[in-house]
Number of protein chains: 2
Amino acid sequence: MKESKTTGEILREEREKKGLLLRQVAAMLDIDTAILSKIERGERKASKEQIIKLAEILELDEEALIVQYLSEKILYEIKDEELGSKALKAAEQKMKYNNKNNS
Amino acid sequence: MKESKTTGEILREEREKKGLLLRQVAAMLDIDTAILSKIERGERKASKEQIIKLAEILELDEEALIVQYLSEKILYEIKDEELGSKALKAAEQKMKYNNKNNS
DNA sequence: ATTATATTTGACACTTATTGCCAAGATAAA
DNA sequence: TTTATCTTGGCAATAAGTGTCAAATATAAT
């Protein structure tokens, strides 16, 4: 069964839908074509600034793309961790707790 | 209101409860006293190996300490992010989804 | 107050990750 | 087969992480 799309897959799909070339989008991001290629294939991670620009260029919902990007970053941190799932839940708890008490 | 304890706070508390010196624990970890001091005060992050050794030295529940440590690491990734909470939830969703479909 | 011990701080060095450029190789379209 | 696009891997520059050491500060005991 197909798992949820990676950020790279989303970016590539949308770029192709728009008929844009790596070269063109890379130029708008002011980076080398090779890097964008690697980002789309998940070999490298984009920076947050690049994600924001990409959302604009590809007319994707910025918030959704950032959430996608951040969640991937989080999962990367715990990808080899047996206790990853517990850690995620603990992180949510702490986040709730802290919000409750400093706002 | 007091927020939940940091890993560093837990480590310091337990070390002091046991009457151990920074110097002693640092020696067991095979690092300089200065680093352990910084870890306890949250100025530096411990490695996972160090956390495991610390759990042993301080007789803390290893799993609990690792979860604490990882969740702090996760929160660090999104500490300045407005969408952090949404990203966390999205990460949990993906984790569930992936577990369901590769196991 | 002096001394001794413990902790903190900051400068430095070393290593590892990250980020990017470039050129050569592979793929695909014409 | 030519041409355009994309991918790959090597290299350089920079940033981040990890540790040492010595000096400064704090704590405790005489």
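Below, all heavy atoms of this structure are taken into account, side chains as well, without hydrogens, waters or symmetry copies. Order of the sequence lines sets the chain letters (A, B, ...), proteins ahead of strands, with each chain counted from 1.
For the pair A/Arg23 and D/dT7, the criterion of a side-chain N or O lying under 4.0 Å from OP1 or OP2 is not met. Look at B/Ser37 and you'll find a side-chain N or O under 4.0 angstrom from OP1 or OP2 of C/dT8. OP1 or OP2 of D/dT7 has at least one side-chain nitrogen or oxygen of A/Arg41 nearer than 4.0 Å. The phosphate of D/dC6 (OP1 or OP2) has a side-chain N or O of A/Arg15 nearer than 4.0 angstrom. Residue B/Thr33 places none of its side-chain N or O atoms closer than 4.0 Å to OP1 or OP2 of C/dT7. Regarding contacts with the backbone of D/dG19, a side-chain N or O of B/Gln50 is found under 4.0 angstrom from either OP1 or OP2.
In terms of modelled atom types and a separation under 3.5 Å, the side chain of A/Glu72 and the main chain of A/Thr7 share a donor-acceptor contact.
In this structure, B/Lys73 forms no cation-pi arrangement with B/Tyr76, as its terminal cationic atom is not both closer than 6.0 Å to the ring centre and no more than 45° off the ring axis.
One interatomic measurement links the two molecules: CD of A/Glu16 to P of D/dA4, which rounds to 20 Å at whole-angstrom precision. Taking atom CD of A/Glu43 as the reference point, atom C1' of D/dT8 lies 8 Å away to the nearest angstrom. Per the geometry, CG belonging to A/Leu36 stands 14 Å off C1' belonging to C/dT19, to the nearest Å. Straight-line distance from the CD atom of A/Glu49 to the P atom of C/dT18: 16 Å, rounded to whole Å. One can place CG of B/Leu22 at 12 Å from P of C/dT9, the figure rounded to the nearest angstrom. Rounded to a whole Å, the CD1 atom of B/Ile39 is 12 Å from the P atom of C/dT8. As a whole-Å value, the separation of A/Ile31 CD1 from D/dT7 P is 13 Å. For the pair A/Leu29 CG and C/dT19 P, the computed distance is 14 Å after rounding to whole Å.
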Checklist entry - Please walk me through it: do A/Lys17 and A/Glu14 pass salt bridge (charged side-chain N to carboxylate O under 4.0 Å, His left out)? => result CA-CA 5 Å; A/Lys17 264 190 206 162; A/Glu14 287 304 314; 3.1 Å; yes

Item to check | Residue pair B/Arg15, B/Leu22: steps toward the side-chain contact (heavy atoms from CB on, under 4.5 Å) verdict | outcome: CA-CA 8 Å; B/Arg15 177 176 63 78; B/Leu22 277 179; 3.6 Å; yes

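An end-to-end axis angle of 30° holds for the helix from C/dA1-D/dT30 to C/dA30-D/dT1, taken from five base pairs per end and rounded to 10°.
For the side chain to side chain contact (heavy atoms under 4.5 Å, CB included) criterion with A/Ser71, the lone passing option out of B/Lys89, B/Lys94, B/Gln93 is B/Lys94.
Contact detail for B/Thr33 and B/Arg23: the closest heavy-atom pair is OG1-CA, 3.7 Å. The shortest non-hydrogen separation linking A/Ile78 to A/Gly84 is CD1-O, 3.6 Å.
Comparing B/Ala46 and A/Glu40, the nucleotide of DNA chain D nearest to each residue sits closer to the 5' end for A/Glu40.
In the set C/dA6, D/dG9, C/dG10, C/dA6 carries the atom at the smallest distance from any side-chain atom of B/Leu21. Among C/dT7, C/dC22, D/dC6, the nucleotide with an atom closest to any side-chain atom of A/Asp32 is C/dC22.
In this structure, B/Arg44 reaches the bases: a heavy-atom distance under 4.0 Å links it to at least one base atom across the strands shown. Heavy atoms of B/Ile35 sit under 4.0 angstrom from at least one base atom.
Note: the hydrophobic cluster containing A/Met28 also contains A/Ile35 (ILVMFWY, side chain heavy atoms under 4.5 Å, direct or indirect links).
With hydrogens and angles ignored, no donor-acceptor pair closer than 3.5 Å exists between the side chain of B/Lys38 and the base of D/dG19.
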